[in-house]
Amino acid sequence: MSLVHFRSSCRSLHLRELCTSTSTSTSDHTHLFILDFNTETSNQHFSIPIFQPPKLSLGCLTPLFTLPSHPFSLTSSQYLNPFFLLHHADYPHYDHTPILTYNPTTQQTLTLPLDPPLLAATTTTWNVRTHFGFDPSTKHHKVLRVKWTEPIPWSIPKVINMLFTVLTLDSNGSSSRSWRRINPVLPFDPKKYVNGGESVCVNGAIYWLTKYGDSIVAFDLKDEKFRLIPLPRDYKDLNFDSFRFQFERLFELGGCLALISDNATQHYFTLELWILKDYNNHVWVKESICFPFRWRKQTIPTGEILLKPLSLDESATAWVLFYDMEGQSFKKIDITGLPKWVYSSST
């Protein structure tokens with residue numbers, strides 16, 4: 001089960017203030033979006049739980065839509081107001097599964113065209129990533145596909161190339177044009193800067209971590225050029241393992257890029273994060289948060305930290321925690337009324 005925190009103006013609950021009423025106004029509201037994949041039916045379910053006063057609990061899922069009979073669940077979801085981008089985890093099924101946009105306000109789902117496949121006889125593809133971004137200068141959403149390829153026949157030493165294609169979306173979330181190939185100058189070695197996690201879009205740029213490099217890759221959507229953001233020095237000292245980026249570590253926090261630590265401090269109930277306060281001069285500000293428990297998986301929406309468990313236990317109530325950065329307080333929300341197959345399926 002995936003939990004996604006998003007804003008829209010559709011009719012539903014207001015999780016930030018836990019209002020008991022619904023609203024049809026145009027003001028921003030925060031919602032909890034739940035994605036479930038039923039392994040028994042191969043159906044993917046998208047729904048919103050309803051707040052149940054007076055308890056801090058969610059239940060009675062409101063179905064939004066279902067994707068039937070997909071052999072692979074759309075495990076990756078990225079939200080940029082007002083659209084979700086839904087796709088599979090790319091490799092090796094990137095040319096067989098759909099890329100979808102979903103607008104929770106209009107509840108419209110659209111299938112995007114897949115980017116043209118490469119010739120298997122001359123090229124082998126060993127990694128693919130799909131990124132979603134919004135360019136505030138043009139008010140356009142863009143989908144960026146990155147492929148790490150190697151020419152056939154192979155050579156020693158290896159020759160690794162990165163191929164980039166971009167799809168621009170219109171105001172309805174559909175493709176206004178076809179995929180186009182771009183050839184930006186790379187300020188890094190493609191072999192060294194292989195993707196190591198999901199990307200995040202902040203202020204017109206897409207960021208992602210790498211498995212081996214010591215910097216964050218930034219792709220500016222306006223000029224479609226790459227740059228590198230050096231990691232904080234003390235972060236590199238704490239996170240020295242080359243495979244440290246096995247989970248998502250980049251988030252948006254208060255309109256800034258934020259970086260989560262992946263070191264042993266989690267066993268001491270401490271979450272360490274760095275916030276990029278100055279994008280041009282690469283100034284990071286470190287903050288530490290002490291939790292009354294061992295923290296596990298987390299996502300960070302604007303202004304709050306949303307923590308979720310790694311898995312669901314049928315004997316216990318599902319829950320999420322909100323941590324208010326400004327007030328330094330926790331709010332626990334129970335999720336009840338989930339179907340039994342949610343617990344028995346691979347969630």
Side-chain angles (χ1 to χ4, degrees), residues 2-15 23-37 44-48 62-67 70 73-90 94 97-115 129-146 165-180 198-208 219-222 224 248 250-252 255 257 299-302 306:
S2 297
L3 298 173
V4 182
H5 205 257
F6 69 97
R7 291 178 176 271
S8 77
S9 58
C10 63
R11 179 184 180 92
S12 188
L13 68 146
H14 194 314
L15 270 180
S23 173
T24 56
S25 67
T26 58
S27 60
D28 278 352
H29 292 278
T30 304
H31 312 267
L32 205 60
F33 189 58
I34 296 182
L35 295 78
D36 301 305
F37 181 70
Q44 185 127 14
H45 300 264
F46 302 80
S47 55
I48 294 180
T62 299
L64 298 178
F65 67 96
T66 299
L67 300 177
H70 277 285
S73 62
L74 301 180
T75 55
S76 298
S77 59
Q78 298 167 281
Y79 176 73
L80 290 170
N81 190 30
F83 304 115
F84 279 98
L85 186 77
L86 308 168
H87 58 93
H88 190 261
D90 292 323
Y94 66 92
T97 56
I99 301 177
L100 305 178
T101 60
Y102 172 67
N103 188 330
T105 301
T106 63
Q107 298 190 18
Q108 184 179 28
T109 305
L110 298 173
T111 301
L112 301 180
L114 290 176
D115 57 325
R129 288 287 179 173
T130 302
H131 306 283
F132 191 35
F134 176 73
D135 180 6
S137 65
T138 61
K139 308 299 183 183
H140 285 151
H141 291 77
K142 293 181 179 180
V143 183
L144 170 68
R145 295 295 292 274
V146 184
T165 51
V166 174
L167 184 68
T168 302
L169 306 184
D170 60 21
S171 59
N172 295 319
S174 62
S175 55
S176 58
R177 305 176 183 90
S178 59
W179 289 90
R180 53 188 174 84
E198 297 294 334
S199 63
V200 61
C201 181
V202 182
N203 297 327
I206 297 174
Y207 303 88
W208 70 74
F219 178 73
D220 292 319
L221 291 163
K222 180 180 179 180
E224 298 184 347
E248 292 75 21
L250 289 177
F251 307 92
E252 179 183 358
L257 182 68
T299 57
I300 298 185
T302 302
L306 170 63

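Values reported hereafter were calculated over all heavy atoms of this structure, with side chains retained and with hydrogens, waters and symmetry mates removed.
Residue L144 holds its CG atom at 8.5 Å from CD of E224, rounded to the nearest 0.5 Å. Considering CG of N103 and CD of Q108, their distance stands at 7.0 Å, rounded to 0.5 Å. Note that CG of L85 is 7.5 Å distant from OG1 of T101, once rounded to the nearest 0.5 Å. The structure places CZ of F251 at 10.5 Å from CG of L257, a figure rounded to the nearest 0.5 Å. Here the CG-CZ distance, from D115 to R180, works out to 13.0 Å after rounding to the nearest 0.5 Å. Of the inter-residue distances, the one linking L250 atom CG with Y207 atom OH reads 10.0 Å to the nearest 0.5 angstrom.
Across H141 and F132, no two heavy atoms sit closer than the pair CD2-CZ, 3.6 Å. Closest approach of D135 and S137 over heavy atoms only: OD1-OG, 2.6 Å. Looking at every heavy atom in both residues, P113 comes nearest to L167 through CD-CD2, 4.3 Å. F134 and C201 get closest at one heavy-atom pair: N-SG, 3.4 Å. The minimum heavy-atom distance between K142 and L221, with the atom names listed, is NZ-O, 2.9 Å.
When only modelled atom types and interatomic distance are considered, Q78 and T130 share no side-chain donor-acceptor pair under 3.5 Å.
Remark: D220 engages R227 in a salt bridge (Lys or Arg N to Asp or Glu O under 4.0 Å) (not counting sequence neighbours).
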Would V143 and W179 count as a side-chain contact (heavy atoms from CB on, under 4.5 Å) if you check the C-alpha gap in whole Å, the side-chain angles of each, and the deciding distance to 0.1 Å? CA-CA 9 Å; V143 183; W179 289 90; 3.7 Å; yes

Check the pair I99, R145 against side-chain contact (heavy atoms from CB on, under 4.5 Å), reporting the backbone distance first and the verdict last. CA-CA 11 Å; I99 301 177; R145 295 295 292 274; 3.2 Å; yes

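Proximity of a side-chain donor or acceptor of D170 to a complementary backbone N or O of N172 within less than 3.5 Å is detected.
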